[in-house]
J.: 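Structure provided below as structure tokens; questions to follow.
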Amino acid sequence: MIESQLCQLVGIKYPIFQGGMAWIADANLAAAVSEGGGLGIIAAMNANAQWLRQEIRKIRTLTQKPFGVNVMLMSPFVEEVAQVVIEEKVPVVTTGAGNPSKYMKAWNQAGIRVIPVVPSVNMARLAERSGAAAVIAEGGESGGHIGELTTMALVPQVRDSVSIPVIAAGGIADGRGVAAAMMLGACGVQLGTRFLSATECGIHPNYKNKVITAKDLDTIVTGRRLGHPVRQLKNKFSRRYAKEEYNMAISDEELEAMGSGALRRAVVEGDEENGCFLAGQIAAMVHKEQPAAQIIEEIFDEAQAVLKEAGKWVK
Amino acid sequence: MTTFERVEAQLKEFKDLNPGELTMETTFAQLELDSLDTVDLLMACEEEFGITIEPDENLKTVGDVVERIDSLVAQKQ
Ligand SMILES: Cc1cc2nc3c(=O)[nH]c(=O)nc-3n(C[C@H](O)[C@H](O)[C@H](O)COP(=O)(O)O)c2cc1C
């Protein structure tokens with residue numbers, strides 16, 4: 001049994017979060033993860049208050065266990081979404097893409113445990129100061145929007161700069177990754193890519209298949225020119241986008257327009273040519289579709305075995 | 001050194017600035033500082049001036065930061 005202060009903090013059996021994933025992490029996936037003993041998280045992405053409220057009410061019909069909502073701070077609906085999580089008494093809120101300090105006071109007053117995703121030491125320090133219950137240190141190996149530092153370099157630096165719990169994210173998909181994250185000073189992990197293969201994850205079969213068959217060099221980072229780098233699987237869309245980034249005859253607006261709707265085309269339509277299939281480097285270690293609960297159990301069985309063996313290095 | 005000059009000195013850690021380029025009206029957006037850079041800059045200013053600055057939407061220009069610092073330093077005394 002692997003347990004840490006994170007389990008008490010949010011009321012879960014295994015110290016694992018399923019990361020918020022735009023267009024993907026809905027009530028169904030989050031409920032399956034929470035039922036499996038982790039923390040399922042609904043991604044509010046760019047959706048409005050009405051959609052989020054429905055998903056929150058739905059997850060409560062699917063599980064009694066704690067869950068979270070991921071608030072994307074760049075969303076045009078961020079103000080109303082920030083209010084809905086209070087009204088609906090969401091137990092845990094994670095935040096992505098920016099600095100959440102503006103909302104922290106109201107969320108804390110509502111009794112919400114706020115856990116921001118941070119890509120740097122100063123963001124972690126600021127989060128702690130503003131009242132975060134923990135931080136998720138996410139390295140650039142991960143899928144979706146990424147920061148500059150790797151998990152290996154970021155997690156111990158964040159650990160050294162704050163006294164709240166640190167959760168490691170980015171490039172973790174099995175028990176060895178969990179064990180390593182704990183050695184780096186994390187007391188839990190957040191996974192995104194591995195949960196794309198969960199049976200309860202409703203993405204198009206083409207998407208799931210692309211993740212399951214991905215190899216080590218199959219991801220690419222695009223969007224650096226616009227200041228929002230994103231890791232995704234290589235395909236016709238991402239290769240073309242990567243090329244056009246260097247094409248100065250194309251304006252930033254045109255580039256932006258090229259990317260719009262691409263994730264939806266991947267998730268909903270499974271459009272292998274024009275879709276944007278977000279996934280992390282660890283996709284190569286995702287081999288099959290299986291229920292979320294089984295994924296979690298498998299990971300923690302392995303983590304336990306690996307950690308028990310760790311003493312062998314000390315002579 | 002004035003507060004402005006001390007802020008300018010901190011900013012040079014992030015940006016190559018030509019002499020006279022920076023004014024009180026310069027915005028973070030014009031400097032192409034993203035939210036991470038902005039937090040780093042404010043934290044550097046905190047150390048420089050021995051104060052705590054809460055980043056918020058009212059801090060848009062160099063002048064906003066200078067004024068905030070002056071008022072926080074005055075409160076401290
Ligand atoms: C398809 C996809 C979509 C994502 N969307 C979001 C999002 O909307 N908000 C967010 O904070 N993180 C998002 N992430 C990041 C995940 O929450 C998680 O931190 C990350 O996937 C962990 O790294 P891993 O992919 O290596 O497991 C996304 C990741 C993926 C793979």
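Proteins get letters first, then strands, A, B, ... in listed order; numbering begins at 1 in each. All values reported here derive from a predicted model rather than from experimental measurement.
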J.: With a 6.0 Å cut-off (strictly less than), is the heavy-atom count around CD of B/Glu5, excluding the residue itself, greater than 12?
T.: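 Buried by this count: over 12 neighbours within 6.0 Å.
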J.: What's the separation between atom CG in A/Asn122 and atom OG1 in B/Thr38, rounded to the nearest 0.5 Å?
T.: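 Interatomic distance, A/Asn122 CG to B/Thr38 OG1, rounded to 0.5 Å: 11.5 Å.
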J.: Quick check on A/Glu148: does its CD atom have over 12 non-hydrogen neighbours (other residues, nucleotides or ligands) under 6.0 Å away?
T.: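 Counting neighbours around CD of A/Glu148, 12 or fewer heavy atoms of other residues, nucleotides or ligands fall under 6.0 Å, so no.
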J.: Are A/Arg129 and B/Thr52 side-chain neighbours, meaning at least one heavy-atom pair lies under 4.5 Å?
T.: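 A side-chain contact under 4.5 Å exists here.
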J.: Got A/Ser101 and B/Asp56 here, is their nearest side-chain heavy-atom distance under 4.5 Å?
T.: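 Counting from C-beta outward, A/Ser101 and B/Asp56 never come under 4.5 Å.
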J.: Examine whether an atom of B/Leu41 lies under 4.5 Å from a heavy atom of chain A, and if so say whether it belongs to the side chain, the backbone or both; otherwise answer neither.
T.: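 The answer is neither part of B/Leu41.
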J.: Give a yes or no on whether A/Glu256 atom CD has more than 12 heavy-atom contacts from other residues, nucleotides or ligands under 6.0 Å away.
T.: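 Counting neighbours around CD of A/Glu256, 12 or fewer heavy atoms of other residues, nucleotides or ligands fall under 6.0 Å, so no.
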J.: Heavy-atom count around A/Lys243 NZ within 6.0 Å, excluding the residue itself: above 12?
T.: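 It does not: A/Lys243 NZ has 12 such atoms or fewer within range.
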J.: Side-chain contact test, heavy atoms from C-beta onward, threshold under 4.5 Å: evaluate it for B/Pro55 versus A/Lys102 and give yes or no.
T.: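 With C-beta onward as the side chain, the pair stays apart.
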J.: Kindly check if the number of other-residue, nucleotide or ligand heavy atoms within 6.0 Å of CE (A/Met152) is above 12?
T.: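 No - once you tally the heavy atoms of other residues, nucleotides and ligands closer than 6.0 Å, there are 12 at most.
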